[in-house]
Amino acid sequence: MNETAPAANFIRTIITDDLQSGRRQQVVTRFPPEPNGYLHIGHAKSICLNFGLATDFAGRCHLRMDDTNPEKESVEYAEAIKEAVRWLGFDWGEHLFYASDYYEQLYQWAEELIRTGKAYVDSLSAEEVRQYRGTLTEPGRESPYRSRSVAENLDLFRRMRRGEFADGAHTLRAIIDVTSPNLNLRDPVLYRIQRVPHYRTGDAWCIYPMYDFAHPLSDAIEGITHSICTLEFEDHRPLYDWFIANCSVPARPQQIEFARLNLTYTVMSKRKLLELVTGRHVGGWDDPRLPTLVGMRRRGYPPAAIRTFCERIGVGKTDSLIDMGVLEECVRDDLNRSAPRAMAVLRPLKVVVENFPADEVEQFEVANHPGDPALGSRKVPFTREIFIEQDDFLETPPKGFFRLFPGGEVRLRGAYILRCEQVVRDGDGQISELRCSIDPATRGGANPPGRKIKGTIHWVSAPHALEAEVRLYDRLFTVANPGGEKGRDFKELLNPDSLQVLTGCRLEPGLAAVDGGSRQFERLGYFCRDQDSTAERLVFNRTVTLRDSWVAKGGSDSGVAG
RNA sequence: UGGGGUGUAGCCAAGUGGUAAGGCAGCGGCCUUUGGAGCCGCCAUUCGCAGGUUCGAAUCCUGCCUCCCCAGCCA
């Protein structure tokens, strides 16, 4: 793969300026997921951005678990996150961190804020705090506990830590400005009491820091220079800066916000994804229809394709909705170059080659990649009985159809030119098989002068064929922006046909050996072996179809492309 | 009606006072034993709208409009 110059974006501009002006001597970024769910393609955008920046500016990128809410976090999620980042192709080296490792330091800074008169212990209930906060248009009111003495605050806060109070009895809040038009500055909560064991610190703590407090300080501890997050935190930046300015931190990181990724026909919020998984609307976090990284991995998306995608869509501040087609095109791009070709028939139609001897097996040498001889070739058996795709035969072909029809000819890839002599029906009038003949002069792809055949189709020798299950995937939702339909539960918009399971598919025998990696099933798309495969039962996933200008032109295709 | 953002082609996105990059999609052609791949060409007199400054404006100024985010002891 050729390296191309990274696309320009406003964050690169900021960093370049910082380095040139001497404001920064190095670049340290971080990817800070909360281990409360699986990573998705939206996270991939952030991962590629943060790790990519670090690489391009010869800096480093940390992986930090932003684990400040024990209620929702687990080692399962933390491990899955590490695995996903690794799979995507990034390496954090020695720089794996946990916000939970900073709890003591964070606590000390909280005491510092109390000592400097910038934080107090509040004893309002959650409901009261909400009432005191005011609204978007009305200023808030100061809590009656706001004027407690430093000594009293310190005492109360230490007792909070010691576990002397019930959950929710007190909080530690910053003293900023309850009348600020920015709600985040209306005395934000710094610590809450939560008697929940933490997946890493166990029961060492019963008070936990809030994101707004923990995040900037964690960045400072790690010496992060550019703390890149998504747009919804833009309003939090004054608060981010406030903590950096009011705690004796060792570094002054800068927060920069960019627009999160949205993709058509899917949802990207952890909450919605969790709902799909727990509600059994999909098979699990790794369901190939999901935009999760584990789902895409199982579906056969190469990590390099995801990286290309993230590069291609750019980084900006405008809310965007990227067409799923862009991602799919990146997948095709990658797989077209790398995937060996093979032949597989998804909906078999039996063909008897009448002028080919019943007891003969002919082995054809077929190239594994039409454009890359380095991928070599393989032998494919040909016999009197073969299967072709049902869609490749039409009794009454429309104009422009250049596959098989009665009296017509097509080329069997790598074998012979085939002519349809007769259509055989069963008792119900359904086509049960085709009686055909081959032209011996076209053996192995030979092309006698003057012989012009427009269509080439794939085929599989019937007695050699492997039987398999093939899973076809379509968009998960029926509307482009399921999360944007107001007043409607996004689950009502699920596409009932997003998964199509085909059984009795026939594969060329060489496919038995495939375990990892992708194959192109010629003319059908890219496929990979699914983890559900067993010795007796082969299962393949269709990663993505090939582009199909016949279908695009309105040509009928009864579902192979579906 | 408060605050913070954002508007450049169907979808993304460069551009930072000197006359609209690039990608995806689309369209036309060539080539082809995958209706695939590859190759060539076309595709914004105009940058949300209206004024203004300037020899010159997507870039500067004024006003208006759109859409997104914020009232968790979530992140």
Side-chain angles (χ1 to χ4, degrees), chain A residues 4 7-10 13 32-34 36 66-69 71-72 122 124-126 129-131 133-140 167-168 170-173 180-186 188-194 207-208 210-212 214-215 229-238 257 259 264 270-271 311-323 325-330 332 336-337 341 343 366-367 369-371 400-403 410-415 417 442 445-447 453-458 520-525 545-553 555 557:
Chain A
T4 48
N9 65 55
F10 76 101
T13 304
E34 182 189 14
N36 68 344
D66 214 350
D67 52 1
T68 56
N69 184 0
E71 211 129 34
K72 300 179 175 173
D122 196 9
L124 251 27
S125 69
V129 167
R130 192 182 325 142
Q131 284 164 2
R133 186 159 32 229
T135 67
L136 293 180
T137 52
E138 297 161 11
D167 286 16
H170 307 283
T171 55
L172 183 72
R173 299 179 67 182
S180 172
N182 181 345
L183 306 205
N184 295 120
L185 298 180
R186 322 245 263 225
V189 171
L190 271 40
Y191 272 89
R192 74 283 209 185
I193 302 172
Q194 232 176 154
I207 58 171
Y208 292 93
M210 300 289 289
Y211 166 86
D212 282 318
H215 204 88
C229 63
T230 44
L231 249 30
E232 66 271 26
F233 293 104
E234 210 150 17
D235 282 343
H236 296 238
R237 197 190 327 136
E257 313 84 10
T264 56
K270 278 194 195 174
R271 196 212 94 217
E311 189 64 36
R312 218 173 256 191
I313 58 176
V315 178
K317 297 190 69 160
T318 52
D319 291 308
S320 62
L321 179 61
I322 309 283
D323 196 299
V326 178
L327 211 208
E328 292 179 338
E329 195 49 35
C330 293
R332 290 192 188 98
N336 173 50
R337 275 180 274 107
R341 318 278 118 132
M343 291 195 285
V366 180
H369 192 117
F401 180 82
F402 44 82
R403 276 112 97 160
V410 281
R411 192 183 295 275
L412 293 176
R413 167 124 249 204
I417 286 177
T442 59
N447 209 15
I453 296 294
K454 202 77 184 287
T456 297
I457 64 173
H458 56 279
Q520 183 196 99
F521 290 178
E522 292 208 38
R523 305 206 304 133
L524 298 174
T545 60
L546 255 32
R547 297 177 73 190
D548 189 337
S549 61
W550 169 245
V551 170
K553 274 185 203 136
D557 221 328

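The structure displayed is predicted, hence computed values, not measured ones. In what follows, chains carry the letters A, B, and so on, assigned in the order in which the sequence lines appear, proteins first and then strands, with residues in each chain numbered from 1.
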Looking at [X], I'd like to know whether one of its side-chain N or O atoms comes within less than 4.0 Å of OP1 or OP2 on [N].
X: A/T456; N: B/U32; answer: no
X: A/R130; N: B/G72; answer: yes
X: A/S549; N: B/G36; answer: yes
X: A/R192; N: B/C74; answer: yes
X: A/R332; N: B/G38; answer: no
X: A/R337; N: B/A37; answer: no

Per A/D235 side chain, nearest of listed nucleotides B/G3, B/U6, B/G2: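 Nearest nucleotide to the side chain: B/G3.
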RNA chain B: 5'-proximal contact among A/I453 and A/L183 (nearest heavy atom):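 Closer to the 5' end of RNA chain B: A/I453.
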A/P181 or A/F233, whichever maps to the more 5' nucleotide of RNA chain B: A/P181
Nearest-angstrom distance, [atom1] atom, [N] to [M]:
N: B/C67; M: B/C73; atom1: C1'; result: 32 Å
N: B/U59; M: B/G3; atom1: P; result: 25 Å
N: B/C30; M: B/G15; atom1: P; result: 39 Å

Would you mind reading off the distance between A/E234 atom CD and B/C67 atom C1', rounded to a whole angstrom?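 These atoms are roughly 15 Å apart.
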Could you tell me whether A/R312 and A/E329 have a side-chain N and a carboxylate O separated by less than 4.0 Å? no
